[in-house]
Each structure stands twice: as structure tokens, then as C-alpha cells.
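The chains referred to below are lettered A, B, ... by the order of the sequence lines, with proteins before strands, and numbering in each begins at 1. Heavy atoms only: backbone and side chains are in, while hydrogens, waters and symmetry mates are out.
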Amino acid sequence: MLIFEQSKSQRANPSQAPLQEAGIDSIPAQFRRRRRPLLPEVSEMQAVRHFTRLSQKNFSIDTHFYPLGSCTMKYNPRASNTLAMLPGFLQRHPHSPDNLSQGFMACMFDLQEILKDVTGMTAVSLAPMAGAQGEFAGIAMIRAYHDAREDTARTEILAPDAAHGTNPATATMCNYKVKEIPTDAQGDVDIDALKAAVGPQTAGIMLTNPSTLGVFERRIKDIAEIVHSAGGLLYYDGANLNAILGKVKPGDMGFDVIHMNLHKTFSTPHGGGGPGAGPVGVSPRLEPFLPVPLVVKNDDEYSWLKEKDRPQTIGRLSTFMGNAGVLLRAYVYARLLGREGMHRVADFATLNANYMLARLRKAGFEAAFPERLATHEFIITLKRQAKELGVNTMDFAKRLLDYGFHAPTTYFPLLVAECLLIEPTETEAKEDIDAFIEAMIKIQHEAESDPEKVKSAPHSLPVRRLDDVKAAKDMDLRWTVSE
Amino acid sequence: MPFIPHTDDDVKTMLDAIGANSIEDLFAEIPAELRSEGLDSIPDGVNEMDISRLMRERADQDSRSLCFAGAGAYEHHIPAAVWELTTRGEFYTAYTPYQAEASQGTLQLLYEYQSMMASLTGMDVSNASLYDGASALAEAVLMAVRANRKSKSKRILTPRTVHPDYRRVANTIVHNQGIVLDELDFDRQQGVIDPASLPDDPGDVTALIIPQPNYFGALEDVDVLTDWAHAHGALVIAVVNPVSLAILTPPGEWGDSGADIVCGDGQPLGAPLSSGGPYFGFMCCRKAFVRQMPGRIIGRTTDLDGKSGYTLTLQAREQHIRRSKATSNICTNQGLLVTAATIYMSLLGAQGLERVALACHANTMKLLAALDETDGVTKLFDRPLFHEAVVQFDLPVADVMRALSVQGIIGGVSLADDYPELGNSILICATETKTDADIETYTASLKRIAMRLTANRCPVQPKM
Amino acid sequence: MSNVPQELRYTKTHEWISLNDDGTVTVGITDHAQHLLGDLVFVELPDVGGTFSEGDDCAVVESVKAASDSYCPLDGEIVEHNEALSDTPELINQDPYGDGWIFKLRPDDAGAYDTLMDADAYSELIAEEG
């Protein structure tokens with residue numbers, strides 16, 4: 001039932017409105033609203049019950065194993081939330097003067113320093129509000145760099161065909177054409193195709209390493225050499241940074257600019273689709289172009305650098321300084337882990353993924369890249385099941401929900417037919433991973449003995465499979481009063 | 001090990017299953033010359049007790065001040081239930097609802113949110129949120145360029161009464177695509193765009209941005225501006241404060257045919273000030289433009305049994321399908337803040353939100369009157385306003401603001417950098433959270449500061 | 001197996017083209033293309049009077065899982081578009097070569113139609129794509 005359907009006119013919730021009686025005479029009628037908006041009129045308890053019940057219809061990390069590949073659904077420490085929501089932080093107005101902000105700014109400065117070290121870059125800006133905005137900042141800096149050198153013939157960004165959709169979409173937003181580079185049979189970038197693609201028109205390349213295929217790009221040094229010698233720059237998509245934390249730094253691989261997804265690697269909550277945070281790090285040649293604001297420390301006093309201090313900046317990306325509350329959560333997480341904890345993130349994420357891959361292969365599932373080690377995630381392909389049993393990846397995914405597991409990422413990357421991209425993360429215990437594997441084996445048996453059961457799954461959730469075609473055609477996007 | 005559940009036995013069993021000797025073996029594909037173990041500037045890990053102490057100290061350092069600043073971030077009362085519910089693990093630790101059957105809670109909530117926003121703005125449809133108000137304006141500009149197929153100029157008329165940082169962000173995001181934000185000046189007496197100053201023949205204009213209330217808190221002649229834009233083939237992008245819409249004409253009813261795209265920052269609907277974020281951007285539009293809209297959109301449909309359910313829809317616009325031709329690169333948005341906003345609006349209802357808006361307006365009028373009566377302070381514009389206003393000091397604004405901050409008062413936001421022509425001016429705001437006593441505290445401090453600063457400027461020159 | 005009518009011409013990007021008596025051509029997407037896309041939910045039609053060059057994207061056909069550009073097969077001016085698709089895009093699924101036509105174009109060069117791919121060549125192309 002919708003909240004609107006529980007609404008009754010005249011049932012106001014006065015405990016939540018100011019007691020003050022105020023008139024409206026000082027606003028002339030021409031500016032005033034004539035009819036009230038359709039907002040629900042419910043009691044506080046009705047609202048609390050309604051939204052509590054809605055929450056119970058969700059799968060989440062707190063309730064379910066959620067091995068959604070590329071999204072890094074790991075435990076979000078409660079301390080990060082509690083400490084980021086201390087009143088002193090919540091009540092700070094973004095225009096608070098520096099003398100009333102030193103505590104907050106100290107956290108931001110420390111976080112900048114931590115992220116510099118993790119990535120091997122020389123400077124970091126915390127401004128971007130999500131991974132995709134970090135990507136935008138990165139490519140905009142590459143453009144600003146070439147423009148500052150009056151090198152205006154560079155019109156193209158290269159990206160592997162396995163890249164996240166945000167990569168080509170970002171290049172377009174920065175007015176670049178996108179050229180896709182094919183992947184070889186082992187999951188590495190096709191070096192010959194790359195050599196043929198680079199030239200004086202190349203502004204840069206966008207790479208994820210480990211790639212979206214769940215393998216480490218082994219010839220990264222060669223790629224860096226090829227792109228750099230053509231005058232292009234290298235952009236690192238940090239979607240998978242958690243896989244190499246403390247093992248290898250993007251700066252050492254030859255990257256010029258990187259974005260990080262703090263909601264992935266630094267375990268800030270995904271919130272049902274955000275907020276994220278997408279800080280960017282750069283090598284010295286891109287430093288002047290970093291987005292503002294930045295925090296600096298002089299004689300134990302913190303201050304902001306803004307447009308007027310940074311004349312070459314690509315500019316501002318949010319009204320204030322980005323998703324400050326998310327940054328505070330990431331800072332708490334980084335401090336709780338410390339140096340040793342960072343290494344362990346990559347260690348145990350990789351151990352869990354390789355263990356899962358080994359056991360699934362033993363159970364007869366086909367790996368997309370059987371010759372390769374898994375990184376923090378891996379791909380299996382169900383093309384045999386689809387062909388022989390008529391049970392496809394979507395069917396497996398939906399049936400997993402019945403067994404109490406959120407489905408892995410399906411049908412991405414587009415390169416691998418009928419794929420499941422599986423990322424267990426380091427915070428899952430062996431017992432939970434084993435239970436997932438058992439469920440996969442059971443579903444395989446069901447697909448052989450009773451395929452309809454799998455194809456019509458899920459059976460135990462609040463709704464069964466939904467009609468997407470009807471949704472797109474009818475476009476019922478809001479409740480209206482006639483109902 | 002923090003957050004890692006493995007025992008030594010687990011590790012051994014798992015390595016055996018893999019056929020590896022050590023965890024280190026699993027990194028064999030990383031070329032050895034690239035490996036670097038050092039994370040020298042990262043401190044040793046601390047436990048929860050110690051990090052709690054550190055964070056409390058730092059939060060206390062920025063201890064509570066009396067805040068009369070607005071300028072895009074507003075201190076409102078947030079009912080306790082809002083964040084109690086929002087931080088429930090099932091909302092807090094879920095992700096984008098890709099598996100609809102396992103995400104009906106988030107999906108239904110977003111559908112309810114879209115319904116509330118569409119009604120509040122008077123528009124046909126809403127998306128499920130963008131990052132913040134400023135970046136939502138940038139997206140609205142990109143959307144207008146796509147949607148106005150008759151216009152080829154990519155020229156967006158942008159009044160200087162639009163929040164300066166919104167204009168900066170929009171420029172950062174759109175300028176690479178050859179889109180030009182053409183400035184439109186404002187009337188110095190009224191602090192709004194003077195419709196009489198609009199050209200009879202503006203040439204090819206893709207869209208006009210109309211802020212309501214504008215950055216100065218003043219109310220623009222939205223009906224005249226909307227009709228002027230439409231008469232010249234331009235779309236109208238409205239930038240609005242959602243709380244103000246409880247009492248102000250919704251953009252869907254501006255002029256003869258209403259605004260085309262509406263955006264703004266959702267912070268006033270249940271998001272704490274929190275140093276500027278996370279907030280959320282909202283965007284609504286006419287149904288005809290829905291396929292040009294960026295971001296997630298939720299639709300109601302039916303399942304195999306004909307039961308009502310909710311799902312992500314119109315995804316073919318988005319980057320994960322349309323790649324380089326997507327409407328935007330946005331992927332993750334601000335779902336959790338939308339959760340808070342939906343609960344906030346449900347707890348207040350239309351009547352409650354109206355009381356909040358009216359109380360903000362009344363308190364700002366009181367503050368403005370009190371300041372206007374104070375020596376050395378003048379109200380700058382003669383214009384109806386919502387909950388912000390501009391006042392000018394006789395004294396250097398930076399000195400006044402600094403002196404106020406020492407007393408724990410954030411007196412407003414200085415306009416000196418963005419509007420030097422307004423002299424020593426600040427933008428003030430008093431929401432429903434401010435009492436008469438707070439206003440009295442402000443004016444009393446200001447009087448003392450003015451006296452001291454004036455005394456310091458004693459015309460007696462030191463002897464050389 | 002997809003239906004590829006002999007009397008029509010084709011493009012590599014899966015449009016079909018038929019020549020009308022008045023010298024205009026009618027354009028749609030092939031049966032093969034509609035199969036790949038699945039149930040169509042929306043078609044963005046080109047404006048009548050618009051001029052396009054060969055290879056320009058001039059329409060968009062959208063299903064739940066994909067949105068695909070439709071390219072102009074020849075240089076010319078749009079003289080008509082299929083208004084019925086606005087409400088019933090599924091006509092393309094049901095009758096891709098008939099009621100599911102997308103637009104009519106007056107080619108700049110009257111002879112250009114003859115240079116387009118014939119049915120046999122198109123059948124070969126989709127066989128290769130597998």
C-alpha cells in the first residue's frame with residue numbers, strides 16, 4: 001500500500017510542524033500557491049510503520065550476502081556512521097568560517113593524505129560526489145591539460161570494450177569521441193589493436209585495473225608506454241581499487257589521474273543508490289587542474305583553496321565541497337583499518353574470490369577466463385546452461401533470491417555471454433560463501449530436473465518477475481489523486 | 001582483524017581448495033616490478049574507542065554556533081524519526097535496486113518520492129535524484145540542449161540572481177560541449193531580473209534559467225519571464241527551493257504554460273547541514289521530455305500474477321546501456337538522502353511543510369526588520385522575499401563577520417566576492433529554528449561589534 | 001530464421017528501404033534487427049522537413065534492454081514519419097516491413113537507391129554476424 005493510500009485529509013501531524021502561527025500577507029498573491037501539493041497526511045506512527053515495512057522488503061548487506069560484482073558490497077562499519085553523525089559535524093554550515101571548522105577540516109586534510117599514499121599520486125581533491133563525477137573531473141583535467149598546452153588536435157579517448165558504461169558517457173560529456181579497444185582471449189587489452197589506435201588524436205585512455213573482467217591487466221606498463229609516447233594521458237577508473245590496496249599503486253603503474261569510489265573501497269554505505277564519493281588523485285602535471293575546494297595546512301591551521309587560489313582549476317563540481325558526510329565515514333574506516341588493515345582488504349577479498357571460483361569450477365561451472373587467477377571478483381558464464389537447458393543467467397539470478405542471496409551482477413561486462421560477475425568481498429565468512437556455492441549447485445540441479453521452477457523464480461519474494469515492457473510503455477511514474 | 005572473519009584454519013582450507021600455497025601466490029599476475037608494499041603515511045590502525053575519542057574531539061572543536069547563513073544550505077528541524085528510519089540497515093546498506101524483486105522497499109519509496117516531488121513542483125514527472133542542486137542545474141542545462149530541438153545555439157540565458165556556485169558548477173560541467181551560459185543582469189533596486197530589460201529580439205536562445213526564490217531570497221516575476229522565454233522559442237529551467245513550494249506558485253503553473261524543467265537542492269527536506277553534503281539534487285519535467293531526463297526513474301508495473309510492483313524503467317537512456325550516447329554519465333545518485341526526504345515530507349504533510357515555510361518567512365522578516373533598525377545596517381532590496389534577504393553594512397564586511405564568528409555567530413554569507421557592486425553586503429537567513437531571542441542575540445552582538453569597530457577607526461591619527 | 005524480403009534494399013546497420021512510385025523511399029528496421037532488440041517500447045521519429053546525410057542517426061528505436069540509433073540510408077529530406085509508432089511502437093515487432101515503417105525520405109539523388117545492398121547480400125551479412 002502506498003503512503004498516499006493511508007492518507008486522510010485533515011489528519012495533520014502537528015508535532016512535526018512549528019507551533020508558530022505566521023501569516024503570509026507580506027507575500028503578494030501573484031506569487032502564492034493556490035492549491036496544496038499532494039503530500040500524505042498520516043500520523044507519525046503510521047509513517048514509521050510504513051517505512052519500516054518498506055525497508056523489510058529490501059535485501060541489503062546487513063541482511064543478506066550481496067556479491068554484486070564491481071559494486072563491493074562489504075560490511076559498512078557502524079562506527080563510521082555514528083561518528084560522522086556527531087552533532088558537531090551535522091550542524092556545521094558549509095559557509096562556517098575557518099575558525100569554527102578546524103576539526104572538520106583536519107579530517108578532510110588527513111583523508112587527502114591517506115588517499116595520496118594509497119594511490120601513489122601527488123595530490124588529491126575530495127570534491128567529486130560519486131565515481132562518475134570523479135571520472136568527469138579526471139577527463140576534464142586531461143582536456144584542460146592538453147588545452148593549456150594548445151594541443152587541440154586531441155579529440156579521442158580510448159577505452160576497452162569491457163569498460164563500465166560511465167567511461168564512454170564521461171568522455172562524451174567532455175566532448176571527446178570514444179574509440180573502443182578490443183580485449184584478447186585472456187582478458188587483457190589487445191596491445192596490437194591499441195598500437196594501431198593511438199596517434200596524435202589520442203587525448204588519453206581510460207582503464208580499470210583489475211579490469212571489469214576480474215583479471216589484472218598484466219601489460220599495463222606497455223600500455224602506459226604506448227599511450228604516453230603518443231602524447232596521451234592515462235586515466236585510472238578506481239572501481240576496483242580495493243583489489244590492489246597496499247599491493248600496487250596506480251601511480252606506479254604510470255597513471256596520470258585516478259578516481260576512487262569511497263562507497264566501494266572505503267566501505268561507505270551504498271544507501272539504496274548513493275550517496276557515493278569519488279575523490280580524484282593526480283600526478284604532478286595535472287595538479288594545477290584539480291577541482292576545488294582543497295584543504296591545506298599551514299602552521300597547524302587548515303584553510304580552503306578555492307577558485308581564486310587555483311587559477312587553472314577545472315572548477316567546482318558541487319555547490320559546497322562534495323559529499324562531506326561520506327568523506328567523514330571513509331576517514332573513520334581508513335583509521336580503523338590503518339596500514340595493516342589496508343593490506344588485508346586486498347588479501348582477503350582476493351582469497352574469497354579465488355576460493356569461490358575454485359569451488360564453483362569444481363562443481364562444473366565454467367569460468368570466463370579459466371587460465372587466469374581471480375582478483376577480488378571473477379566471471380562465470382552460463383552459456384552452456386542457457387543453450388542446453390534453456391535456463392539463463394537471469395533465471396539463476398532470480399532463483400538465488402529465493403535462496404536468500406542477492407544476485408551477482410548479471411550481463412555485465414557485455415563481452416561475456418550469459419555472465420555472472422561475482423564479488424564476495426573480504427568481510428564474508430567462509431560459511432556464507434559455502435552456502436552460496438551450495439545454492440548455485442542446487443539451482444544447477446533444478447535447472448536439469450525442473451527448469452520451469454528456475455525460469456519462473458523468484459517464488460518467495462514480495463513480488464514475482466515484473467513486466468518491464470509494460471513499465472516502459474505505460475510510464476506510470478507517479479501516484480495521482482484520481483486513484 | 002577488523003571486519004575480517006577468517007580463522008587460520010579457514011585460510012588453510014581455502015588455499016587448499018584453490019591449490020595455492022599462500023595468499024601472496026594469488027597476486028602472482030601483478031608484475032613484480034610494480035609491487036610496492038609501503039603505505040608509509042598511513043597511520044597504524046586504531047580501535048573504535050580511540051577513533052571515537054578523536055572524532056568527538058574534532059566535532060566538539062566545531063561546536064555549535066548560532067547560524068544565520070543560508071545561501072543554499074538551510075538549518076531546519078529534522079524530526080527524529082527521519083534518520084532513525086533512514087539509517088536502518090535495509091535502507092542504508094542496500095544498493096541501486098537492480099534486482100527489483102529484492103528491492104521493493106527502496107523502489108516503492110522512490111515511486112512515492114517521485115509522486116511527492118512532481119506534485120510539489122506541479123510537473124508531470126520526477127527522477128529519483130541527482131547529486132546536488134548545482135550539478136542538477138548543470139544536468140538541466142544539458143537536458144534543455146537535447147530537448148529543444150529547434151534551437152541550435154546552445155545558448156542558455158543565466159541571470160546573475162542564480163546562486164553563483166550553481167553557475168560555476170554548471171559552467172564546469174557543460175562548457176566543454178560548447179554550451180554558453182550568457183549572463184543576465186539584475187535590477188539594483190529590486191534584486192531581481194527586470195522583465196523590461198529583456199530584449200525584444202534575443203536571437204536563438206535554448207533556455208532561460210529562472211531562480212525562485214533567487215539567490216538574494218527575492219521573488220522573481222516568474223510568470224512574465226516564463227512567457228517571454230516561450231515566446232522566443234526558449235525552454236524554461238526553474239531552480240527552486242522545495243520548502244518554498246509549500247507556499248509559492250509551483251513552476252508547473254508559471255505563466256501560460258509552466259516551466260519545462262525544474263531542478264534544485266533537496267537539502268531542506270530532511271538533510272542536515274553536514275558541511276555541504278551529502279544533499280541531493282531533484283529534477284522534474286514535462287512528460288514529453290522524460291526520455292531526455294538523466295538519472296534513475298522508477299515505474300509502477302505488474303508482476304506475473306498481475307500484482308502491483310515497482311522497477312527501474314526507461315533505462316535505455318542511461319550509461320550502462322547507451323554508453324557514449326547516454327543522457328548523462330550519472331550512475332550512483334543520492335538514494336539515502338531521498339529516503340530521508342520522503343520520510344520528512346510524509347511526517348510533515350502539505351500543512352506541516354506550509355507551516356515550516358511560513359515560519360521561515362516570518363522569522364527572516366523579523367530578522368531583516370531588526371537589522372534594518374540597527375545603526376550602520378541597511379536593507380538593500382525592496383522586493384517580496386521568501387526566507388533570505390540582503391543587508392549592507394557601513395563597516396568592512398569581513399571585519400564584521402570575523403568579529404561575529406568569534407562570538408559563535410555566523411551572521412550570514414558575505415556577497416563581497418561575488419557581487420562587489422553591492423559593497424559590504426551579506427545574505428541573511430532565519431529559518432523556523434530561530435527564536436526571537438536568537439535574533440536579539442544577533443542584533444545585540446552586532447551593535448557591540450559596530451561600536452568597537454567604529455571606535456578603532458577613530459579619526460585621530462597617530463603621531464609620526 | 002529472419003525474414004528478408006527479396007524486393008527490398010538494405011543497409012549494414014539493419015535498415016530496409018523500398019522505392020515508392022513518387023521517387024521517395026520508405027525506411028524501417030529489418031525483422032532481424034527487431035528480433036535482436038526485443039519488445040520495442042518507444043520510437044523517436046525524425047522531424048518532417050529535416051535533411052540528413054547518409055549514415056546520420058535520424059531515429060531511435062528503444063526496447064527495455066537497448067536503445068539503438070537508426071541511420072539514414074541516403075542523403076535526403078524527411079517527407080513523412082509514421083505517427084502511429086508514437087503510441088504503438090510494437091508495430092515494428094509485429095510487422096517490421098509493413099505497418100512498422102519509420103519514415104519516408106526524398107533522396108537528393110534519384111539513382112542512389114540502386115546502389116544499396118540487395119536481399120541476398122543482406123542475408124549473407126546477418127548469417128555472418130551469427
Which of A:Ser101, A:Ala130, A:Gly315, A:Gly276 touches chain B most, by non-hydrogen pairs under 4.5 Å: A:Ser101

Heavy-atom closest contact (A:Ala132 atom, B:Ile330 atom, distance): CB-CA, 4.3 Å

Could you tell me which of B:Leu34, B:Val413, B:Asp417 has the largest number of non-hydrogen atom pairs under 4.5 Å with chain A? B:Leu34

Option in B:Val125, B:Asp124, B:Ile297 with maximal non-hydrogen atom pairs under 4.5 Å from chain A: B:Asp124

Quick one: does A:Phe320's side chain get under 4.5 Å of B:Asp132's, heavy atoms only? no

Restricting to non-hydrogen atoms, name the atom on A:Ser60 and the atom on B:Ala94 that form the minimum distance, rounded to 0.1 Å. CB-N, 3.9 Å

Counting heavy-atom pairs under 4.5 Å to chain B, which of A:Gly338, A:Ala47, A:Gly341, A:Ala429 comes out on top? A:Gly338

Shorter than 4.5 Å, heavy atoms on both sides: which option in B:Ile42, B:Ile51, B:Val11, B:Asp165 has the most such pairs with chain A? B:Ile42

I would like to know whether B:Thr172 and A:Arg316 meet side-chain hydrogen bond (donor to acceptor under 3.5 Å, both in side chains); could you show each step before the answer? CA-CA 6 Å; B:Thr172 303; A:Arg316 184 173 283 273; over 6 Å; no

Worked verdict on A:Asn58 versus B:Thr106 for side-chain hydrogen bond (donor to acceptor under 3.5 Å, both in side chains): CA-CA 7 Å; A:Asn58 273 357; B:Thr106 291; 2.7 Å; yes

Look at A:Glu340, A:Glu426, A:Arg335, A:His406 and state which one has the largest set of heavy-atom pairs under 4.5 Å with chain B. A:Arg335

One should read off an interatomic distance between A:Leu477 CG and B:Tyr111 OH, to the nearest 0.5 angstrom, of 7.5 Å

Please confirm whether the backbone N or O of B:Asn329 pairs with a side-chain atom of A:Thr166, one donor and one acceptor, at under 3.5 Å? no

Close side-chain approach of A:Pro275 to B:Thr332, heavy-atom, < 4.5 Å: no

If you count heavy-atom pairs within less than 4.5 Å of chain A, which of B:Glu432, B:Gln334, B:Gln61 leads? B:Gln334

For chain A, which of B:Ser275, B:Gly335, B:Pro43, B:Gly105 has the most heavy-atom pairs under 4.5 Å? B:Ser275

Report yes if the side chains of A:Pro77 and B:Phe3 come closer than 4.5 Å at any heavy-atom pair, otherwise no. yes

Heavy-atom cut-off 4.5 Å, strictly under: side chain, backbone, both or neither for B:Ala118 against chain A? both

Which atoms of B:Arg322 are under 4.5 Å from chain A, going by heavy atoms: the side chain, the backbone, both sets, or neither? neither

Go through the steps for A:Val48 and B:Leu85 under the test side chain to side chain contact (heavy atoms under 4.5 Å, CB included), then give the verdict. CA-CA 7 Å; A:Val48 168; B:Leu85 290 167; 4.2 Å; yes

Could you look at B:Phe280 and say if it's the side chain, the backbone, both or neither that has a heavy atom under 4.5 Å from chain A? neither

Under 4.5 Å from any heavy atom of chain A - which part of B:Asp60: neither

Separation between CD1 of A:Ile314 and CG of B:Asn171, rounded to the nearest 0.5 Å: 11.5 Å

Using side-chain heavy atoms (C-beta onward) and a distance below 4.5 Å, is B:Glu90 in contact with A:Asp62? no

Checking side chain to side chain contact (heavy atoms under 4.5 Å, CB included) for the pair A:Phe412/B:His320: CA distance, chi angles, key distance, verdict? CA-CA 9 Å; A:Phe412 177 83; B:His320 60 288; over 6 Å; no

Going through the checks in order, is the side chain to side chain contact (heavy atoms under 4.5 Å, CB included) test met by B:Glu75 and A:His93? CA-CA 8 Å; B:Glu75 186 179 12; A:His93 191 280; over 6 Å; no

Tell me, do B:Ser41 and A:Lys116 make a side-chain contact under 4.5 Å, heavy atoms counted? no

Using heavy-atom distances under 4.5 Å, tell me whether B:Ser126 contacts chain A through its side chain, its backbone, both, or neither. neither

Using side-chain contact (heavy atoms from CB on, under 4.5 Å) as the criterion, list what pairs up with B:Leu304, not counting sequence neighbours. A:Arg464, A:Arg465

Kindly indicate, with the supporting measurements, whether the criterion side chain to side chain contact (heavy atoms under 4.5 Å, CB included) is fulfilled by B:Cys67 and A:Gln91. CA-CA 9 Å; B:Cys67 180; A:Gln91 289 161 357; over 6 Å; no

Please check if atom CD in A:Glu44 has more than 12 non-hydrogen atoms from other residues, nucleotides or ligands closer than 6.0 Å. yes

Who wins among A:Val326, A:Ile244, A:Leu317 for the most heavy-atom pairs under 4.5 Å with chain B? A:Leu317

Contact origin within B:Ser52 toward chain A - heavy atom pairs under 4.5 Å: both

If we define contacts as heavy-atom pairs under 4.5 Å, which of A:Val332, A:Leu351, A:Leu401, A:Leu461 has the most with chain B? A:Leu351

Could you measure the distance from the CG atom of A:Leu373 to the CD1 atom of B:Ile18? Nearest 0.5 Å is fine. 9.0 Å

Kindly give the heavy-atom pair with the smallest separation between A:Arg339 and B:Asp40, and that separation in Å. NH2-O, 4.0 Å

If you take all heavy atoms of B:Ser36 and A:Asp252, which pair is closest and at what distance? OG-OD2, 3.3 Å

One should read off an interatomic distance between A:Phe89 CZ and B:Leu273 CG, to the nearest 0.5 angstrom, of 14.5 Å

Carboxylate-amine/guanidinium contact A:Arg33 B:Glu354, below 4.0 Å: no

So, does B:Lys325 use its side chain to make a donor-acceptor pair with the main chain of A:Thr172 at under 3.5 Å? no

With no hydrogens and no angle check, just 3.5 Å: does a side-chain donor-acceptor pair link B:Tyr92 and A:Asn76? no

Side chain, backbone, both or neither: which part of B:Ala20 has a non-hydrogen atom closer than 4.5 Å to chain A? neither

May I ask you to decide if A:Asp467's main-chain N or O and B:Thr301's side chain share a donor-acceptor pair within less than 3.5 Å? yes

Can you find a heavy atom in the side chain of A:Met173 that is under 4.5 Å from one in the side chain of B:Ile173? yes

For B:Arg35, which atoms come within 4.5 Å of any heavy atom of chain A: side chain, backbone, both, or neither? both

Would you say the rings of A:Phe348 and B:His6 are close, in the sense that their centroids are separated by under 6.0 Å? yes

Nearest-0.5 Å distance, CE of residue B:Met55 to CZ of residue A:Phe104: 9.5 Å

Top residue by heavy-atom pair count (under 4.5 Å) with chain A, among B:Thr313, B:Ile23, B:Val46, B:Asp223? B:Val46

What part of B:Leu245 gets within 4.5 angstrom of chain A, counting heavy atoms only: side chain, backbone, both, or neither? both

Any side-chain heavy-atom pair from A:Phe4 and B:Ser119 closer than 4.5 angstrom? no

Among A:His64, A:Lys247, A:Lys221, A:Glu41, single out the residue with the greatest number of heavy-atom pairs under 4.5 Å to chain B. A:Lys247

Would you check if B:Tyr95 and A:Met73 make a side-chain contact, meaning some heavy-atom pair closer than 4.5 Å? yes

Under 4.5 Å heavy-atom distance to chain A, tell me which part of B:Ile4 shows up: side chain, backbone, both or neither. both

